Enquirer: 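First, the structure itself, so that you have it in front of you.
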Amino acid sequence: PAFLADLRKVSGVQTVTDASSYLSSPSFFSNGFWLKAQKESDQKGSDYIITDENFLQVNGVKLVAGRNFRAADSAKVLINETFAKDLGLTAQKAIGTYVYDNQNRVEEIVGVMKDFNYSTLHKGLDNFLLWKRGIKSEYWPFLIASTNTADYKSLLARIGAVWNKDINGVPFTFHFLDQEVQKQYESDITLSRIINSFTGMAILISCLGLFGLAAFSAEQRSKEIGIRKVLGASVPGIAQLLSKDFLKLVGIAFIIATPLAWWTMNKWLEAFAYRITISWWIFGLAGLSSLCIALLTVSFQAIRAAVANPVRSLRSE
């Protein structure tokens with residue numbers, strides 16, 4: 001309590017709340033709730049945070065109906081729009097309604113929050129509830145502060161000084177909320193980096209293979225190229241002759257890879273509640289890029305063979 005009071009006086013700190021958890025946390029309290037006219041078997045599950053009247057302001061949460069907590073409130077709750085719908089209530093009708101839980105507690109709904117994602121985007125909107133702590137001596141392990149400064153180094157030094165004064169001997173630890181949110185997607189970011197690395201390696205190996213095959217093909221067909229040049233074939237025509245077989249192989253590979261890539265990407269996107277649709281032009285762009293890379297790789301050897309002196313290749317005949 002002393003630290004909470006002193007923290008509110010620190011320059012650069014706007015609002016502070018204490019809570020049983022924080023938004024984007026990997027774990028919340030959870031319980032089943034039902035209305036007076038319903039049975040316990042009709043209960044609707046909801047995640048919830050026990051907190052005080054400052055939580056909405058600190059986190060920028062908006063109300064669509066009702067009011068925020070008051071300091072003197074006890075056994076009051078705020079629910080989100082999704083939870084109100086799940087209980088069969090409109091936002092306006094929910095105000096003043098009492099909900100029951102399986103621990104013989106009764107709470108009055110005093111406000112309805114605008115829906116927001118309180119957890120990872122791997123899951124969609126779900127039932128969520130804020131519970132006003134009722135016992136003045138009851139404090140929760142997380143203090144959440146909103147600030148109005150960009151000089152976090154100086155701010156944290158001031159907060160640390162207050163911490164050491166009020167809670168001496170306990171290490172001062174802190175986290176930034178945006179970093180906590182980022183942790184939810186570290187596995188996806190790591191997967192992206194791995195895929196990008198292996199994609200780059202695959203392209204490099206493929207280009208080396210194409211380059212070697214083009215050189216081998218040009219060497220094998222050197223006499224044919226020489227005869228064609230003697231008979232009047234142009235350099236672009238010969239380069240096209242040598243390149244088209246390789247481009248056919250790239251086209252076949254594209255046809256095989258496209259459905260596999262589409263299936264894999266859809267499976268990955270199913271892990272997110274909010275996801276894009278895979279448009280056809282993404283595969284078209286990938287195919288065009290593959291053809292361009294293959295053409296650039298093969299064209300060097302093709303042009304080199306096409307401009308070579310035909311006398312050298314036909315000398316042994």
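It should be emphasised that the depicted structure is a prediction, and the values quoted were computed from it without experimental measurement. These numbers come from the heavy atoms of this one structure, side chains and all, not from hydrogens, waters or symmetry mates.
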Enquirer: Please tell me if the side chains of T277 and L269 come closer than 4.5 Å, counting only heavy atoms from C-beta onward.
Expert: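 Answer no - side chains too far apart.
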Enquirer: Look at atom CZ of F176 and say whether more than 12 heavy atoms of other residues, nucleotides or ligands are closer to it than 6.0 Å.
Expert: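 It does: F176 CZ has more than 12 such atoms within range.
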Enquirer: Is the side chain of T149 donor-acceptor paired with the backbone N or O of D151 at a distance under 3.5 Å, no angle test?
Expert: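 A pair under 3.5 Å: yes.
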Enquirer: Shared ILVMFWY cluster between V99 and I50, side chains joined below 4.5 angstrom?
Expert: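 Yes, same cluster.
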Enquirer: How far does NZ of K76 sit from CD of E107, to the nearest 0.5 angstrom?
Expert: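 If I round to the nearest 0.5 Å, the distance is 10.5 Å.
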Enquirer: Let's go through Y274 and N117 carefully: what are the C-alpha distance in whole Å and the side-chain angles of both, what is the deciding distance for side chain to side chain contact (heavy atoms under 4.5 Å, CB included) to 0.1 Å, and is it a yes or a no?
Expert: CA-CA 11 Å; Y274 306 93; N117 291 95; 3.3 Å; yes
Enquirer: Testing E53, E108, R67 one by one against D73 for a side chain to side chain contact (heavy atoms under 4.5 Å, CB included), which residue passes?
Expert: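 Only one option passes, and that is R67.
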Enquirer: Given side chain to side chain contact (heavy atoms under 4.5 Å, CB included), test Y185 with L121 step by step and report yes or no.
Expert: CA-CA 9 Å; Y185 311 105; L121 293 178; 3.3 Å; yes
Enquirer: Look at the side chain of N164 and the backbone N and O of A161, then say whether any donor-acceptor pair between them is shorter than 3.5 Å.
Expert: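 Between the backbone of A161 and the side chain of N164 there is no qualifying donor-acceptor contact (under 3.5 Å).
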Enquirer: With hydrophobic residues grouped by side-chain heavy-atom distances under 4.5 Å, do L89 and I95 end up in a single group?
Expert: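 Result: yes, single cluster for both.
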Enquirer: Side chains of S154 and R158: any donor to acceptor distance under 3.5 Å?
Expert: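 Checked: R158/S154 side chains pair up, N/O donor to acceptor below 3.5 Å.
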Enquirer: Which heavy atom in N127 sits nearest to a heavy atom in G45, and how many Å separate them?
Expert: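 Smallest interatomic distance, heavy atoms only, reads ND2-O, 2.9 Å.
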Enquirer: Are the side chains of K114 and E81 in contact, using a 4.5 Å heavy-atom criterion?
Expert: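 When only atoms from C-beta onward are counted, K114 and E81 do touch, with a gap below 4.5 Å.
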Enquirer: Within the side chain of R8, is there an N or O that forms a donor-acceptor pair under 3.5 Å with the backbone of V16?
Expert: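 Yes, R8 side chain to V16 backbone: donor-acceptor pair under 3.5 Å.
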Enquirer: Given side chains that start at C-beta, do those of F33 and I79 come closer than 4.5 Å, heavy atoms only?
Expert: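 They are not in side-chain contact.
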Enquirer: Looking at every heavy atom in both L87 and Q38, which two are closest together, and how far apart are they?
Expert: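 Result for this residue pair: O-NE2, 3.9 Å.
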Enquirer: Using the rule that Ile, Leu, Val, Met, Phe, Trp and Tyr join whenever any side-chain heavy atoms are under 4.5 Å apart, tell me whether L177 and L130 fall into a single cluster.
Expert: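 Same cluster: L177 reaches L130 through Ile, Leu, Val, Met, Phe, Trp or Tyr contacts under 4.5 Å.
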Enquirer: Is there a side chain to side chain contact (heavy atoms under 4.5 Å, CB included) between F174 and L156 once you walk through the steps?
Expert: CA-CA 9 Å; F174 63 89; L156 290 170; 3.4 Å; yes
Enquirer: Other members of the hydrophobic cluster containing I189, with the 4.5 Å side-chain heavy-atom rule, please.
Expert: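 Taking Ile, Leu, Val, Met, Phe, Trp and Tyr as members, I189 stands alone, with no cluster partners.
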Enquirer: Is D115 salt-bridged to K85, going by a charged N under 4.0 Å from an acidic O?
Expert: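 A salt bridge is absent here (no side-chain N lies under 4.0 Å from a carboxylate O).
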Enquirer: Could you grab the distance from atom CD1 of I49 to atom OG1 of T17, nearest 0.5 Å is fine?
Expert: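 Rounded to the nearest 0.5 Å, the CD1-OG1 separation comes out at 9.5 Å.
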Enquirer: Between W163 and V170 (side chain of the first, backbone of the second, donor and acceptor by atom type, cut-off under 3.5 Å), is there such a pair?
Expert: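 Checking the backbone N and O of V170 against the side chain of W163, a donor-acceptor pair under 3.5 Å is found.
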Enquirer: What are the two closest heavy atoms between S21 and S27, and how far apart are they?
Expert: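 Of all heavy-atom pairs spanning S21 and S27, the closest is OG-O, 3.0 Å.
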Enquirer: Nearest 0.5 angstrom please: D126 CG to F28 CZ, how far?
Expert: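 Those atoms lie 10.5 Å apart.
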Enquirer: Please step through side chain to side chain contact (heavy atoms under 4.5 Å, CB included) for the pair F3 and I159, ending with a clear verdict.
Expert: CA-CA 9 Å; F3 174 70; I159 295 175; 4.2 Å; yes
Enquirer: Without swapping roles, check the side chain of N266 against the backbone of W262 for a donor-acceptor pair under 3.5 Å.
Expert: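 Yes.
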Enquirer: Do the rings of Y48 and F29 sit parallel, tilted or perpendicular, given the 30° and 60° boundaries?
Expert: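 Correct class here is tilted.
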Enquirer: Going by ring-ring contact (aromatic ring centres under 6.0 Å, His included), name the residues that satisfy it together with Y22, two or more places apart in sequence or in a different chain.
Expert: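 Here the qualifying residues are F142.
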Enquirer: Hey, is OH on Y152 packed in by over 12 heavy atoms from elsewhere, all under 6.0 Å?
Expert: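 Buried by this count: over 12 neighbours within 6.0 Å.
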Enquirer: Under a plain distance cut-off of 3.5 Å, with no hydrogens placed, do Y118 and N80 share a side-chain donor-acceptor pair?
Expert: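 Result is no, nothing qualifies.
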Enquirer: Do V110 and F69 have side chains that get closer than 4.5 Å, going by heavy atoms?
Expert: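 Yes, close enough: below the 4.5 Å cut-off.
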Enquirer: Looking only at non-hydrogen atoms, find the nearest pair between N31 and R105 and report the distance.
Expert: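 Looks like ND2-NH2, 3.3 Å.
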Enquirer: Working to the nearest 0.5 angstrom, can you tell me the gap between H175 NE2 and I144 CD1?
Expert: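 If we round to the nearest 0.5 Å, H175:NE2 and I144:CD1 are 12.0 Å apart.
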Enquirer: Looking at every non-hydrogen atom in both residues, tell me the closest pair between L35 and Y98 and how far apart they are.
Expert: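 What the structure gives for the nearest pair is CD2-O, 3.8 Å.
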Enquirer: Between the side chain of D52 and the main-chain N/O of N54, is any donor-acceptor distance below 3.5 Å?
Expert: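 Yes, the answer is positive, given that a donor and an acceptor are paired below the 3.5 Å cut-off.
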Enquirer: Is there a side-chain contact between F246 and T297 (heavy atoms, below 4.5 Å)?
Expert: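 Heavy-atom side-chain distance check fails, nothing below 4.5 Å.
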Enquirer: Can you name the nearest heavy-atom pair linking A75 to V106, along with the distance?
Expert: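 It is CB-O, 3.8 Å.
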Enquirer: Quick one: CG on L210 to CD1 on I203, what's the gap to the nearest 0.5 Å?
Expert: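 Going from the CG atom of L210 to the CD1 atom of I203 covers 11.5 Å.
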Enquirer: Please check if the side chain of S299 supplies one atom and the backbone of L296 the other of a donor-acceptor pair under 3.5 Å.
Expert: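 Checked: pair present.
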Enquirer: Kindly say whether A94 contributes a backbone atom to a donor-acceptor pair with the side chain of T97 at under 3.5 angstrom?
Expert: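 Flag set: sc T97 to bb A94 pair under 3.5 Å.
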Enquirer: Regarding E180 and K183, does a basic nitrogen lie under 4.0 Å from an acidic carboxylate oxygen?
Expert: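 Looking at E180 and K183, the cut-off is met.
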Enquirer: May I ask you to test the L191-W268 pair for a side-chain heavy-atom distance under 4.5 Å?
Expert: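 In short, these two side chains touch, coming nearer than 4.5 Å.
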Enquirer: Within this structure, what is the CD1-CD1 distance for the pair I278 and I276, rounded to the nearest 0.5 Å?
Expert: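 Here the interatomic distance stands at 6.5 Å.
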Enquirer: Are the side chain of S290 and the backbone of A286 linked by a donor-acceptor contact shorter than 3.5 Å?
Expert: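 Yes: the side chain of S290 pairs with the backbone of A286.
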Enquirer: Would a hydrophobic clustering, with Ile, Leu, Val, Met, Phe, Trp and Tyr connected at side-chain separations under 4.5 Å, put V77 with V64?
Expert: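 Both belong to a single hydrophobic cluster.
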Enquirer: Look at the side chain of Q184 and the backbone N and O of S24, then say whether any donor-acceptor pair between them is shorter than 3.5 Å.
Expert: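 Present.
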Enquirer: Just wondering, do H122 and F272 contact through their side chains at under 4.5 Å, heavy atoms?
Expert: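 Yes, their side chains come closer than 4.5 Å.
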Enquirer: Treat each ILVMFWY residue as a node, draw an edge where side-chain heavy atoms are under 4.5 Å apart, and state whether L4 and V13 are in one component.
Expert: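 They do share one cluster, since a chain of ILVMFWY contacts under 4.5 Å joins L4 to V13.
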Enquirer: Count the heavy atoms belonging to other residues, nucleotides or ligands that lie under 6.0 Å from CD of Q57, then report whether that count exceeds 12.
Expert: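 Check fails, neighbour count at 12 or below.
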Enquirer: Does a side-chain heavy-atom distance below 4.5 Å link E40 with N102?
Expert: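 E40 vs N102: side chains touch.
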